[in-house]
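Because only heavy atoms are used, hydrogens play no part in the values below, and waters and symmetry mates are left out as well, while side chains stay in. Naming convention: chains lettered A, B, ... in sequence-line order (proteins, then strands); numbering from 1 in each chain.
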Amino acid sequence: MKVKVISRSTDEFTRERSQDLQRVFRNFDPSLRTQEKAVEYVRALNAAKLDKMFAKPFIGAMDGHLDAVSCMAKNPNHLKGIFSGSMDGDIRLWDIANRRTICQFPGHQGAVRGLTASMDGRILISCGTDCIVRLWNVPVPTLNSYETSNNSSEPLAVYVWKNAFWAVDHQWDGDLFATASAQLDIWDHNRSQPVSSYEWGTDSVISVRFNPGEPNVLATSASDRSIALYDLRMSSPARKIIMRTKTNSICWNPREPMNFTAANEDCNCYSYDSRKLDEAKCVHRDHVSAVMDIDFSPSGREFVTGSYDRTIRIFPYNGGHSREIYHTKRMQRVFCVRFSCDASYVISGSDDTNLRLWKAKASEQLGVLLPREKRKHEYQEAVKNRYKHLPEVKRIVRHRHLPKPIFKAAALRRTIMDAERRKEERRKAHSAPGSISTVPLRRRRIIKEVE
Amino acid sequence: MEKELGNAVAERILPPTEQEVSDEIDVKLKKYLRGEGANLEVLKDKKLKGQLSVIEDLYGKSAKAAAKVEKWLMPSEGGYLEAEGLEKTWRIKQETISHEVDILSRRNQHDIILPALGPYSLDYTSNGRYMAIAGRKGHLALVDMKDLNLIKEFQVMETVRDVVFLHNELFFAAAQKKYPYIYNREGTELHCLKEHGSVLRLQFLKNHFLLASINKFGQLHYQDVTTGSMVGSFRTGLGRTDVMQVNPFNGVIATGHSGGSVAMWKPTSSAPLVKMLCHLGPVSALAFHPNGHLMATSGSERKIKLWDLRKFEVLQTLPGHAKTLDFSQKGLLAYGTGSFVQILGDLCGAQNYTRYMAHSMVKGYQIGKILFRPYEDVLGIGHSMGWSSILIPGSGEPNFDTWVANPFETSKQRREKEVRSLLDKLPPETISLNPSKIGTVMAVKKKEKKTKKERDAEEEAAIDAAKGITMKKKTKGRNKPTKREKKKHELIEKAKRPFLHEQIKEEEGLSRKRLRLSEEVELPKSLQRFARKKTVT
């Protein structure tokens with residue numbers, strides 16, 4: 001007879017000293033864990049609920065401006081710094097971490113309309129309705145803080161030009177910058193006059209952005225409802241499309257530099273492939289009023305938009321609806337938004353003279369995470385993702401509280417769209433087959449493409 | 001080509017032990033894969049295909065890791081009992097075993113004689129560390145089985161029919177003469193559950209924190225012990241019974257009745273999920289295999305039946321009468337009758353239970369309840385003269401998981417686990433016959449279709465209604481009988497039209513369905529809607 005029975009000595013299965021860690025034994029046998037799918041589902045549900053409980057995206061407001069914030073610029077060389085310009089000609093450099101003004105750049109008469117920093121982060125370029133471009137020296141950040149000796153600085157150079165400016169953007173690689181006024185002007189840091197100018201049509205250009213991949217390519221939008229692409233190596237503009245409504249702002253996708261997204265006056269954003277402008281790649285709809293500004297996350301996976309309806313939304317780069325909506329009672333019309341350079345914060349500037357700092361992921365835990373905490377978050381994310389299609393989880397994850405006016409406006413928009421769609425369907429049903437073709441929304445808002 | 005050759009050679013010259021190991025791991029892998037992966041080849045959507053293949057890959061990897069952990073990292077191996085020569089395992093006595101095993105295990109063979117307050121019923125905590133015993137005449141006690149230390153014993157001075165631990169050893173419920181009560185470890189009475197009535201049998205659903213009971217009047221009660229709310233209370237309508245067992249696999253409760261039927265219940269419906277006629281006489285005991293697919297029942301007509309719960313079919317019928325039945329973690333089936341305990345085992349792995357061990361107590365002892373101790377090779381027996389414990393090698397799971405049930409739990413770990421299990425508490429709706437259905441796609445419900453007769457009747461009614469409309473008298477010249485007749489005809493046609501439309505639509509749908517059926521593909525239900533549609537030429 002051979003016999004063996006389970007016999008565990010306590011010493012082998014418990015710790016030796018009280019300072020030791022408790023010993024852990026694993027057995028992954030599925031039969032020990034009954035109803036594991038149900039347990040996982042409950043965990044997903046709890047994770048979704050916890051996510052909602054911790055969703056406190058607003059970090060703080062930065063006040064100091066005396067008039068509406070009209071434009072902002074990131075400092076590509078310094079994570080904590082952001083420039084903002086206001087309607088009364090005030091330009092400030094902020095320390096996001098401490099939410100303080102570090103430095104002011106006085107000089108502009110009238111509104112500052114455009115701000116941009118050179119890629120090395122040394123020079124700030126500003127322009128405004130006073131027809132002046134100013135170049136500023138950016139104070140050098142030290143390890144702890146900025147040198148606080150000079151709280152305001154003098155411009156490096158002042159270039160006066162003919163028309164009021166609407167926007168400015170710096171080249172990603174090189175030292176050219178472009179301003180948008182009645183025409184598009186390309187400037188060099190050291191020249192008091194534009195290197196070259198482009199004009200296409202008579203209306204003024206309202207926004208300009210350089211391509212992150214190809215330093216000589218840029219996109220502009222103009223008040224004649226057009227979006228135009230330019231190549232600085234050619235003497236004339238490359239192509240343009242005319243849409244039904246004006247585009248307020250443009251942003252290139254930094255990870256897929258052939259694509260850009262246009263923030264349009266008709267509440268939608270349109271993602272285009274610059275090689276194929278006859279239809280949008282994706283229409284991002286959710287806002288209920290004109291979209292004023294747009295900025296891509298450095299990861300290129302999502303972008304943030306600020307709208308005239310007093311909200312900020314974050315969209316996935318390929319999704320038709322927003323992932324997140326941010327609003328507060330006190331935030332008025334949003335004129336400018338920026339993603340921070342580490343993709344974890346969003347900064348918005350609005351009519352109520354404040355800059356606001358938001359988390360890009362509403363329920364993200366700030367601060368240094370322990371490995372255990374990190375694993376826990378990963379697990380919760382995974383189970384939530386696995387059960388996201390189940391009705392209860394979906395309901396909790398999708399739910400967002402909306403201010404009443406926006407909720408009503410969205411419902412109204414939906415009603416209008418549905419009615420239009422129904423009408424179209426009925427017209428189609430009662431017409432000869434093939435006589436009416438439905439134009440998809442991706443193409444419907446484009447009037448024509450001009451080479 | 002050369003690489004392939006090289007591979008083939010490598011496979012051939014792999015040392016035999018290594019080959020064996022990989023085979024062994026492959027066998028173990030099957031358990032952790034939890035079914036076969038979906039066939040992704042037929043998917044049309046490339047993005048979905050990519051995502052799913054990544055997920056399938058991950059499943060494979062994690063299953064492989066788990067199989068390797070099982071192969072190499074498990075601290076202990078299971079017990080066994082092997083006969084040599086002409087010996088038979090069922091002839092080996094407990095005394096013989098006790099000479100062969102170590103001192104620690106020998107302590108697990110004991111008889112506690114308490115003739116005054118019996119017969120005894122018992123229950124173990126899920127980690128197998130503690131035992132609660134209840135003597136019929138009011139004796140309740142809590143024993144730490146690791147060092148056989150009596151934690152608490154007290155007398156409630158009335159009949160106690162059953163005892164059951166709640167989620168850990170701190171609380172236990174006892175079914176007493178009039179009501180069940182909840183006590184804590186110190187023996188303090190915490191709650192009197194009056195709504196349950198005089199309960200014959202108690203069960204606790206660990207994942208759901210539900211205390212289930214069946215009382216003298218055949219009423220089944222489910223009470224949530226965290227909130228105290230009564231989740232469900234139904235009349236079984238099948239008479240008084242004290243045969244009730246929870247299926248650990250899915251949380252369904254089965255009750256055996258005097259009519260020979262077994263009914264399965266969930267707390268959210270008053271009608272039983274399943275009602276099956278198992279025996280010709282009264283059902284005397286009932287037990288579930290931990291994997292949930294096997295049920296053993298015994299009837300008074302001296303038969304023990306093993307049921308496949310996936311098909312609700314008898315797998316095996318054994319002769320013998322059992323007063324009490326229990327499955328061990330490793331799938332041994334013990335039954336007790338009179339003063340005799342028999343253990344059956346599925347020794348060849350073909351769901352064919354044969355004799356494995358036997359044990360007879362002193363003549364005259366009446367066995368009331370037998371229960372395998374989790375994570376140990378021990379069988380506890382509650383009988384009319386006290387309780388006993390015997391060694392059954394190979395019955396318990398040798399390796400515990402600290403996060404599931406830890407026999408060496410410290411109080412801090414116990415507190416931590418209590419919080420975690422409360423966070424993972426399942427709602428009562430998750431109890432169903434197939435627990436893996438959660439998160440899968442529900443089959444589309446067919447619309448209630450009207451029969452042809454009904455449709456015809458409706459059409460007839462509509463036409464009659466159209467005929468019955470009284471015409472207005474029009475001005476002279478427009479009130480001609482021909483015009484009136486024409487108008488009437490139009491009205492009738494109009495009433496017929498929607499029915500015609502419906503019929504046309506239905507015919508179209510049928511023809512399309514036929515087309516689709518002809519090119520059906522082999523896919524799991526949830527993926528069928530993504531299947532590539534063949535082009536019709």
Side-chain angles (χ1 to χ4, degrees), chain A residues 1-16 18 20-50 53 318-319 372 376 378-380 382-394 429, chain B residues 31-32 34 66 69-70 73-84 87 92 96-97 100-102 104-105 108 146 207 248-251 290-292 329 375-377 391 393-394 396-408 410 413 423-427 430 435-439:
Chain A
M1 180 187 71
K2 280 196 281 186
V3 63
K4 179 181 176 292
V5 292
I6 299 166
S7 156
R8 301 189 187 93
S9 73
T10 316
D11 301 341
E12 276 173 48
F13 289 89
T14 49
R15 56 184 179 180
E16 284 170 9
S18 59
D20 291 352
L21 291 175
Q22 294 287 359
R23 304 185 69 180
V24 169
F25 301 91
R26 302 309 309 268
N27 184 356
F28 298 103
D29 196 341
S31 65
L32 290 185
R33 294 168 179 75
T34 52
Q35 294 200 287
E36 48 184 359
K37 258 191 141 174
V39 170
E40 229 174 35
Y41 166 69
V42 167
R43 284 181 184 160
L45 202 61
N46 285 343
K49 285 176 185 170
L50 280 178
M53 280 163 69
N318 55 1
R372 250 171 79 188
K376 177 85 181 167
E378 275 166 10
Y379 179 76
Q380 290 196 328
V383 285
K384 224 169 57 189
N385 192 38
R386 186 167 185 191
Y387 290 94
K388 65 185 171 194
H389 301 297
L390 290 190
E392 192 68 354
V393 178
K394 196 172 169 183
Chain B
K31 177 167 73 180
Y32 294 107
R34 296 167 168 85
V69 165
E70 192 192 324
L73 297 180
M74 290 301 186
S76 30
E77 280 171 25
Y80 53 81
L81 175 67
E82 280 168 20
E84 282 169 342
E87 268 180 335
I92 294 169
T96 340
I97 292 174
E100 304 283 326
V101 297
D102 55 337
L104 268 177
S105 312
N108 285 327
K146 202 176 80 181
N207 288 336
F249 170 67
N250 52 15
N291 71 12
Q329 279 178 318
Y375 302 103
E376 291 284 352
D377 285 340
L391 283 177
E397 168 67 46
N399 298 296
F400 60 87
D401 190 314
T402 311
W403 308 120
V404 175
N406 183 2
F408 299 97
T410 60
Q413 283 174 322
L423 278 174
D424 293 342
K425 183 187 136 187
L426 303 182
T430 54
S436 58
K437 254 200 178 141
I438 292 169

What part of A:E40 gets within 4.5 angstrom of chain B, counting heavy atoms only: side chain, backbone, both, or neither? neither
Below 4.5 Å from any heavy atom of chain A, which atoms of B:K146 appear? Answer side chain, backbone, both or neither. side chain
Would you indicate whether B:E77, at its atom CD, is surrounded by more than 12 heavy atoms from other residues, nucleotides or ligands within a distance under 6.0 Å? no
What do the steps show when you test A:K2 against B:E100 for salt bridge (Lys or Arg N to Asp or Glu O under 4.0 Å), and what is the final call? CA-CA 8 Å; A:K2 280 196 281 186; B:E100 304 283 326; over 6 Å; no
With a 4.5 angstrom heavy-atom cut-off, which part of B:N399 approaches chain A: side chain, backbone, both or neither? both
Quick one: of A:I6, A:T14, A:V3, who has the most non-hydrogen atom pairs under 4.5 Å with chain B? A:I6
Where does A:V42 contact chain B at under 4.5 Å (heavy atoms): side chain, backbone, both or neither? side chain
Counting only non-hydrogen atoms closer than 4.5 Å, does A:R23 touch chain B with its backbone (N, CA, C, O), its side chain (CB onward), both, or neither? backbone
Which of B:P407, B:A405, B:P393 touches chain A most, by non-hydrogen pairs under 4.5 Å: B:P393
For the student: nearest non-hydrogen atoms of A:V393 and A:A48, plus distance: CG1-CB, 4.4 Å
Tell me, side chain or backbone of A:F25 under 4.5 Å from chain B's heavy atoms, or both, or neither? both
Kindly say whether the aromatic ring centers of A:F28 and B:Y32 come within a distance under 6.0 Å. no
Taking C-beta and beyond as the side chain, do A:Y41 and A:E392 meet within less than 4.5 Å on heavy atoms? yes
Bottom line for B:N207: the part with an atom under 4.5 Å from chain A's heavy atoms is side chain
With a 4.5 angstrom heavy-atom cut-off, is it the side chain or the backbone of B:L104 that approaches chain A, or both, or neither? side chain
One thing to verify: whether B:D401 and A:R33 come together as a salt bridge, which I'm taking to mean a side-chain N less than 4.0 angstrom from a carboxylate O. yes
Pick whichever of B:P290, B:A83, B:S105, B:S76 has the most heavy-atom pairs under 4.5 Å with chain A. B:S105
Side chains of A:N385 and A:K388, donor plus acceptor under 3.5 Å: yes
Relative to chain A, which segment of B:P398 carries a heavy atom at a distance below 4.5 Å: side chain, backbone, both, or neither? both
Part of A:L32 lying under 4.5 Å from any heavy atom of chain B: both
B:I92 versus chain A, the contacting section by heavy-atom distance below 4.5 Å: side chain
Under a plain distance cut-off of 3.5 Å, with no hydrogens placed, do B:E397 and A:N27 share a side-chain donor-acceptor pair? yes
Flag the pair A:F13 / B:P75 as yes when at least one side-chain heavy-atom distance between them is below 4.5 Å, and no otherwise. yes
Name the orientation class of the two ring planes belonging to B:Y375 and B:F400 (parallel below 30°, tilted from 30 to 60°, perpendicular beyond 60°). perpendicular
Chain A contact via B:E70 - which portion, at a heavy-atom distance below 4.5 Å: neither
Part of B:Q413 lying under 4.5 Å from any heavy atom of chain A: side chain
At a 4.5 Å cut-off on heavy atoms, which part of B:T410 comes close to chain A: side chain, backbone, both, or neither? side chain
Working note: A:E36 + B:R34, criterion side chain to side chain contact (heavy atoms under 4.5 Å, CB included); need CA distance, chi angles, decisive distance, verdict. CA-CA 11 Å; A:E36 48 184 359; B:R34 296 167 168 85; 2.5 Å; yes
